[in-house]
J.: 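Quick one: the structure is below, and I'll ask about it shortly.
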Number of protein chains: 2
Amino acid sequence: MERKKVTLQDIAKALNITPSAVSKALSDHPRMSQKTKDAVNKMAEELNYKPNQIAAALRSGQSKLIGVIVPAANISFFSSVIRGIEETVNKAGYSVILTQSDDSVKKEKDIINTLLATRVDGVIAALGLKTKKYQHFEKLKEENVPLVFFDRIIKDFGVSTVEVDDYKGAYNAVSHLIEQGCKRIAHLAGHSHMELYKNRLKGYKSALRDASLPVEKELIIQSDLHLEDGRNGMLQLLAMKDRPDAIFCSSDYTAVGALQIAREQNIIVPDEVMIFGFSNEPFTSYLDPGISSVDQSSIIMGHTAGELVLEHIKSTNSDFTAKNIVLNPTLIIRNSSKNF
Amino acid sequence: MERKKVTLQDIAKALNITPSAVSKALSDHPRMSQKTKDAVNKMAEELNYKPNQIAAALRSGQSKLIGVIVPAANISFFSSVIRGIEETVNKAGYSVILTQSDDSVKKEKDIINTLLATRVDGVIAALGLKTKKYQHFEKLKEENVPLVFFDRIIKDFGVSTVEVDDYKGAYNAVSHLIEQGCKRIAHLAGHSHMELYKNRLKGYKSALRDASLPVEKELIIQSDLHLEDGRNGMLQLLAMKDRPDAIFCSSDYTAVGALQIAREQNIIVPDEVMIFGFSNEPFTSYLDPGISSVDQSSIIMGHTAGELVLEHIKSTNSDFTAKNIVLNPTLIIRNSSKNF
DNA sequence: CTGAAAGCGCTTACAG
DNA sequence: CTGAAAGCGCTTACAG
């Protein structure tokens with residue numbers, strides 16, 4: 001039943017020229033007469049010709065496909081980066097293949113095999129939370145597939161990266177809390193095998209030290225940073241004899257969890273305890289009090305990641321040098337950390 | 001510099017058999033000796049062979065690619081559906097090409113041309129807000145590309161669809177507000193050329209009528225349903241001499257906007273006015289009061305859309321019949337609509 | 001400026 | 001159970 005697809009050949013026959021001429025005319029080859037180009041384009045229109053990108057990909061070795069790997073597409077930060085990536089690469093004629101690792105190393109490996117089989121022209125990835133070995137990403141390098149890491153990156157892997165300055169974001173956030181008069185600031189931290197959480201922890205500690213405040217181990221609680229982890233962490237902190245007067249969270253979800261517990265225990269935010277999040281998820285502004293957060297300019301991160309991968313694709317092996325772009329974090333101060 | 005890729009041919013040569021034998025062995029063809037299969041698999045491993053999906057696609061006519069069209073990937077509802085789609089089709093060996101229309105008809109058209117060129121095996125789409133003509137989607141049908149609409153669907157288009165029962169969701173939500181004692185319920189509605197907003201409006205009206213309450217035009221405000229529209233709508237409603245005692249919003253974003261204005265004007269939700277949203281975006285549960293909403297089971301919608309497109313792909317033209325699946329909405333009652 | 005020819009790496013009837 | 005052969009629909013050096 002399938003209607004026969006119109007091919008280059010059909011256009012060539014109809015115009016009594018060769019397929020090569022048609023191909024060149026369609027791709028607007030410089031050494032082609034305008035007359036032929038016009039005729040070809042007109043006939044292509046008439047016959048309702050749709051180029052077969054698969055055939056072109058096989059022949060040219062360019063699939064015009066970029067693989068994107070995220071832990072989960074429905075986490076707001078990732079979905080925004082995805083949006084940014086798609087916008088940028090789409091303008092350059094590339095499509096995005098979206099994949100999700102669910103923070104599983106096995107899935108990450110499977111995905112990389114699939115992307116390799118699909119012959120994507122490049123890959124943009126945020127590492128899974130549990131990923132501590134990188135052989136599967138090495139495979140991409142071996143096969144010369146341009147690779148860019150964003151947000152959850154590996155240092156010194158020889159590929160371009162884009163991240164927000166997590167150290168600075170954390171340092172500034174904690175310094176802000178100190179300026180508000182907080183003396184005992186807790187940190188709901190992520191696991192420190194991830195560069196970005198390690199850096200946020202460092203920023204937190206430095207800010208305390210620079211203000212001559214002690215760094216207390218019991219005030220630093222590591223977790224997966226889900227909302228539930230925020231609730232648990234907050235319960236733990238509020239159970240202390242000497243309660244903290246501020247909580248710096250490495251994730252907005254964790255910050256919401258902390259806020260919920262505060263509400264449930266009738267502890268007033270920010271009067272009794274201030275809360276600061278990270279990522280500036282849109283919902284932080286919907287809450288009451290709004291949660292202060294560190295903006296990571298996720299859409300810009302997506303644009304940047306897209307540009308980096310396109311650059312790498314266009315470069316020859318010899319002239320390529322990995323770029324490590326660090327975006328500036330912006331503090332978004334809301335009522336959860338304001339002195340009234 | 002590009003290392004020569006290992007192909008089927010290389011395996012064939014190494015084993016002194018034909019490429020066809022290798023191909024059959026790799027795809028686990030039933031009429032192939034286990035001995036050959038083992039030898040081929042071992043050699044493939046040894047040579048670090050990566051199948052070329054592009055070549056397979058060209059030859060077999062199956063790209064193993066599913067195009068997904070959403071207005072924006074970073075709207076929580078869509079990102080969840082995308083997550084569901086990816087999970088489902090990935091299990092069946094398909095990859096997702098993610099595209100965004102930005103609610104622009106022109107982009108929708110461009111996307112469809114790209115997907116056609118990429119020879120995707122199927123398309124799953126949510127219509128753009130402004131899309132009122134469907135020739136570009138007709139093209140997919142003409143080319144026999146299986147198509148599934150979700151959420152923002154077209155009726156009687158002859159393709160499978162999956163949606164939530166918007167009429168019922170709205171009817172139940174408004175009925176709930178009436179049970180709470182509300183007598184004057186406003187509706188922040190979407191544009192009614194979209195089936196789903198039309199159905200929510202119908203559900204709203206029916207619920208009022210069934211409770212012998214009047215349907216008042218001035219209480220129905222149409223908009224694009226962004227947060228800002230919720231703020232504006234709420235301002236308009238609160239400016240009335242006879243204020244509504246409840247607002248049923250066709251979007252959670254609009255509901256947040258309404259809630260913000262209430263807060264700013266020191267109007268207590270739910271005591272003075274109740275608020276009900278639609279979509280059950282995660283953030284509705286983070287707010288205080290939590291906003292009641294209609295859950296659309298977005299991940300399940302994604303799974304269903306994925307299954308529908310796979311079914312269509314597997315079917316022959318003769319035995320295919322479009323399915324229209326209507327998921328049951330679930331009311332999630334939070335404090336914004338509870339009588340205390 | 002245009003054409004002839006080869007080939008990208010697979011899969012799939014067909015034959016035996 | 002295995003092989004020989006054709007071909008999917010393009011693009012790209014090469015020649016003229």
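Below, chains carry the letters A, B, ... as their sequence lines are ordered, and counting in each starts from 1.
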J.: Would you mind reading off the distance between A:Arg119 atom CZ and D:dC10 atom P, rounded to a whole angstrom?
T.: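 Roughly 21 Å, once rounded to whole Å.
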J.: Is the NZ or CZ atom of B:Lys314 positioned over B:Phe320's six-membered ring, under 6.0 angstrom from the centre and within 45° of the axis?
T.: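 Because its charged atom misses either the 6.0 Å distance or the 45° angle limit, B:Lys314 does not stack over B:Phe320.
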J.: Could you tell me which residues satisfy side-chain hydrogen bond (donor to acceptor under 3.5 Å, both in side chains) with A:Ser33, sequence neighbours excluded, listed by chain and number?
T.: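 Once residues adjacent in sequence are excluded, the partners of A:Ser33 under the side-chain hydrogen bond (donor to acceptor under 3.5 Å, both in side chains) criterion are A:Thr36.
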J.: What integer distance in Å separates B:Gln9:CD from D:dA4:P?
T.: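 Computing the B:Gln9:CD to D:dA4:P distance gives 12 Å.
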J.: Is there a side-chain contact (heavy atoms from CB on, under 4.5 Å) between B:Met194 and B:Leu129 once you walk through the steps?
T.: CA-CA 7 Å; B:Met194 300 253 16; B:Leu129 270 180; 3.9 Å; yes
J.: Regarding A:Ile54, tell me which of base, sugar-phosphate or nothing describes its non-hydrogen contacts under 4.0 Å with the strands shown.
T.: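 A:Ile54: no heavy atom of the nucleic acid under 4.0 Å.
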J.: Between C1' on D:dG9 and CD1 on A:Ile11, what's the gap in Å once rounded to a whole number?
T.: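 Atom CD1 in A:Ile11 sits about 12 Å away from atom C1' in D:dG9.
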J.: How does DNA chain D read in dot-bracket, base by base from 5' to 3', with Watson-Crick or G-U pairs under 3.5 Å and | used when the partner is on another strand?
T.: |||.||||||||.|||
J.: Identify whether any heavy atom of B:Thr36 sits under 4.0 Å from a base atom; if not, whether one sits that close to sugar-phosphate; answer base, sugar-phosphate or nothing.
T.: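 Counting heavy atoms under 4.0 Å across all strands, the contact made by B:Thr36 is with sugar-phosphate only.
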J.: Run the side-chain hydrogen bond (donor to acceptor under 3.5 Å, both in side chains) test against B:Gln296 and tell me which residues pass, sequence neighbours left out.
T.: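 Residues passing side-chain hydrogen bond (donor to acceptor under 3.5 Å, both in side chains) with B:Gln296: B:Arg200, B:Ser279.
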J.: Tabulated below should be each protein N or O lying under 3.5 Å from an N or O of nucleotides 12-16 of chain D; please produce it.
T.:
from: D:dT12; atom 1: O4'; to: A:Arg59; atom 2: NH2; distance (Å): 3.1

J.: Tell me which pairs pass side-chain hydrogen bond (donor to acceptor under 3.5 Å, both in side chains) where either residue lies in residues 54-71 of chain A, with sequence neighbours left out.
T.: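 As it turns out, the side-chain hydrogen bond (donor to acceptor under 3.5 Å, both in side chains) pairs with a partner in residues 54-71 of chain A, which skip direct neighbours, are A:Ser63-A:Asp121.
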J.: Mind checking side-chain hydrogen bond (donor to acceptor under 3.5 Å, both in side chains) for B:Thr88 and listing every partner two or more places apart, or none if nothing turns up?
T.: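 Once residues adjacent in sequence are excluded, B:Thr88 has no partner under the side-chain hydrogen bond (donor to acceptor under 3.5 Å, both in side chains) criterion.
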J.: Given atom CG of A:Leu8 and atom P of D:dG7, what is their separation to the nearest angstrom?
T.: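 Value for this atom pair: 18 Å.
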J.: Expressed as a whole number of angstroms, how long is the span from B:Gln34:CD to D:dT2:P?
T.: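 Between P of D:dT2 and CD of B:Gln34: 11 Å.
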J.: Let me know the distance between CG of A:Leu58 and P of C:dA6, rounded to the nearest Å.
T.: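 So the CG-P distance, A:Leu58 to C:dA6, works out to 18 Å.
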J.: Taking for each residue the nucleotide of DNA chain D with the nearest heavy atom, is it A:Ala57 or B:Ser33 whose nucleotide lies nearer the 5' end?
T.: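 Upstream on the strand: B:Ser33.
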J.: Pairs in or reaching into residues 146-158 of chain A: which pass salt bridge (charged side-chain N to carboxylate O under 4.0 Å, His left out), with residues at least two apart or in two chains?
T.: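 Listed by first then second residue: A:Asp103-A:Arg152, A:Lys155-A:Glu163.
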J.: Measure from the side chain of A:Ala55, starting at C-beta and using heavy atoms only, and say which of C:dT11, D:dT11, D:dG9 lies closest.
T.: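 Nearest nucleotide to the side chain: D:dG9.
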J.: Looking at B:Thr7, I'd like to know whether one of its side-chain N or O atoms comes within less than 4.0 Å of OP1 or OP2 on C:dG9.
T.: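 False: B:Thr7 side-chain N/O out of range (4.0 Å or more) of C:dG9 OP1/OP2.
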J.: Who pairs with A:Glu86 by side-chain hydrogen bond (donor to acceptor under 3.5 Å, both in side chains), at least two apart in sequence or on another chain?
T.: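 Residues passing side-chain hydrogen bond (donor to acceptor under 3.5 Å, both in side chains) with A:Glu86: B:Gln100.
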J.: Is there any side-chain hydrogen bond (donor to acceptor under 3.5 Å, both in side chains) pair reaching into residues 14-29 of chain B, and which pairs are they, with sequence neighbours excluded?
T.: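 Residue pairs with at least one partner in residues 14-29 of chain B: B:Thr18-B:Ser20, B:Asp28-B:Lys37.
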J.: Would you mind reading off the distance between B:His29 atom NE2 and C:dT11 atom C1', rounded to a whole angstrom?
T.: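 One finds 11 Å between C1' of C:dT11 and NE2 of B:His29, rounded.
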J.: Report the distance from atom CG of B:Leu116 to atom C1' of D:dC10, rounded to the nearest whole Å.
T.: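 So the CG-C1' distance, B:Leu116 to D:dC10, works out to 17 Å.
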